[in-house]
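Single-structure report; data block below.
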Amino acid sequence: MSELNLILFGPPGAGKGTQADRLRSDFRLPFISTGDMLRENVKEGTELGKEAQKYMDAGDLVPDDLIVKMAAERLQAPDAQDGFILDGFPRTLEQGKELDKLLSQLARRVTAALLIDVPDEEVVRRISGRRVCVKSGHNYHVDFDPPKREGICDQDGSRLVQRDDDKPDVVQNRLHVYHEQTEPLIEYYDERGLMRRIDGTRSPADVNDHIRAVIATLRMEDDV
Ligand code: AMP
């Protein structure tokens, strides 16, 4: 089996983080979230973090050149050599083209892009209840996936908070940005026969089953 280089796609709140947590334990692939990496940079006060924060707070995209450089470094780290799961990157056509360029220089390619599809009104409902732990970014939802103790992460005991960019007006802008700038990538991967659509309105377990089935098929196709 050759490497599995996967992209998780979908609007904010589609459940990419939840699915990634499951996939990470099912497959030994590093999960690479550009949003998590940026938040880490903001927390540590790096130059990149300072530059990125103003865009993130507004729900806008961080400029392509900054993101591409950060992602390219991460994809070349030793743990990503046998495959990876990308979440939140690429997010513009330009980033998609840069990713292809980088991978082809490394004699690699994207195996598939998995679109977790969820309508806007469901996104808003989900995001308003979303909470993340301050330490490692584990995800919860106050109604659908509450922690055992309110406000405390089950996995590492740290505090749960609402991300600033999960506040309602910022969410509206993030959805707008998704439709305008990220959706063109669906066609980009469709044309290359790489896009797989998954109904993200179903339960997390069902979505996970579907993703696993898609991955199993990809592996079979690869073995043929
Ligand atoms: P996420 O956690 O993936 O929703 O990302 C949070 C925020 O980080 C986004 O709203 C953007 O401001 C920024 N961001 C994350 N990934 C990217 C990307 N690939 N391109 C541009 N901005 C990004």
Side-chain angles (χ1 to χ4, degrees), residues 5-21 23-24 30-44 46-75 80 84-103 110 113-116 118 120 123-124 126-141 160-186 188-189 200:
N5 299 327
L6 299 175
I7 298 172
L8 276 187
F9 249 130
K16 298 187 297 291
T18 305
Q19 292 305 323
D21 279 345
L23 291 174
R24 200 166 9 190
F31 168 65
I32 301 174
S33 154
T34 44
D36 285 350
M37 291 170 76
L38 289 171
R39 279 185 286 279
E40 196 60 31
N41 274 277
V42 170
K43 206 159 86 184
E44 286 173 5
T46 65
E47 282 309 311
L48 171 62
K50 283 181 206 152
E51 178 64 23
Q53 188 166 22
K54 52 181 185 284
Y55 299 100
M56 297 169 74
D57 286 348
D60 290 328
L61 294 184
V62 174
D64 287 338
D65 53 339
L66 295 178
I67 290 289
V68 167
K69 184 165 178 284
M70 180 181 83
E73 280 169 16
R74 181 64 188 90
L75 288 173
F84 51 75
I85 302 172
L86 277 175
D87 167 14
F89 178 84
R91 215 133 153 169
T92 62
L93 261 184
E94 188 56 34
Q95 292 178 18
K97 290 177 185 165
E98 288 295 327
L99 174 64
D100 279 349
K101 221 191 283 175
L102 170 75
L103 290 177
V110 170
L114 312 180
L115 170 64
I116 307 181
V118 174
D120 287 6
V123 163
V124 172
R126 288 181 180 186
I127 288 189
S128 58
R130 180 155 81 176
R131 301 292 180 271
V132 294
C133 87
V134 288
K135 192 161 168 228
S136 317
H138 295 119
N139 282 287
Y140 297 87
H141 191 284
L160 299 182
V161 295
Q162 183 173 45
R163 278 166 42 180
D164 284 340
D165 61 351
D166 279 351
K167 310 252 155 84
D169 48 338
V170 182
V171 170
Q172 288 302 340
N173 189 41
R174 287 168 69 200
L175 273 169
H176 175 74
V177 167
Y178 175 75
H179 293 307
E180 293 288 312
Q181 301 195 50
T182 306
E183 270 185 350
L185 277 166
I186 296 176
Y188 180 79
Y189 288 111

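Order of listing sets the numbers, starting from 1, for every ligand and every atom in it. This is a predicted model, so every value here is computed, not measured.
Contact annotation: K16 has no heavy atom less than 4.0 Å from any atom of ligand 1.
Residue-level proximity to ligand 1 for D165 is carried by the side chain, the only part with a heavy atom below 4.0 angstrom. Here V62 has heavy atoms under 4.0 Å from ligand 1 in both its backbone and its side chain.
Comparing heavy-atom distances from atom 20 (N) of ligand 1 across Q53, Q95, M37, M70 singles out Q95 as nearest. Relative to atom 9 (C) of ligand 1, the option among R91, M56, R163 with the closest non-hydrogen atom is R91.
Among all non-hydrogen protein atoms, the one lying nearest atom 19 (N) of ligand 1 is G88 O, 2.8 Å. Regarding atom 16 (N) of ligand 1, its nearest protein heavy-atom neighbour is T34 OG1, 2.8 Å. Counting only heavy atoms of the protein, atom 6 (C) of ligand 1 lies nearest to R39 NH1, 3.5 Å. For atom 14 (N) of ligand 1, the closest non-hydrogen atom on the protein side is L38 CD1, 3.4 Å. The nearest protein atom to atom 11 (C) of ligand 1, hydrogens excluded, is given as D60 O, 3.4 Å; this is a heavy-atom distance.
R174 pairs with exactly one of D60, D166, D164, D169 by the salt bridge (Lys or Arg N to Asp or Glu O under 4.0 Å) rule, that one being D166. Here the options are V110, L75, L8, the test is side chain to side chain contact (heavy atoms under 4.5 Å, CB included), and the partner is L86; only L75 passes.
Salt-bridge formation is not detected for the pair K97/E94: no Lys NZ or Arg NE/NH1/NH2 atom is positioned less than 4.0 Å from an Asp or Glu carboxylate oxygen. Ion pairing between K54 and D57 fails under the 4.0 Å rule for side-chain N and carboxylate O.
In this structure the side chain of Y55 never reaches within 4.5 angstrom of the side chain of L38, judged on heavy atoms. Between Q162 and K167 the shortest side-chain heavy-atom distance falls below 4.5 Å. Between L93 and Y188, the closest side-chain pair of non-hydrogen atoms falls below 4.5 Å.
For K16 (side chain) and I116 (main-chain N/O), no donor-acceptor pair under 3.5 Å exists by modelled atom type.
Listed by atom number, the atoms of ligand 1 under 4.0 Å from R174 heavy atoms are 4 (O).
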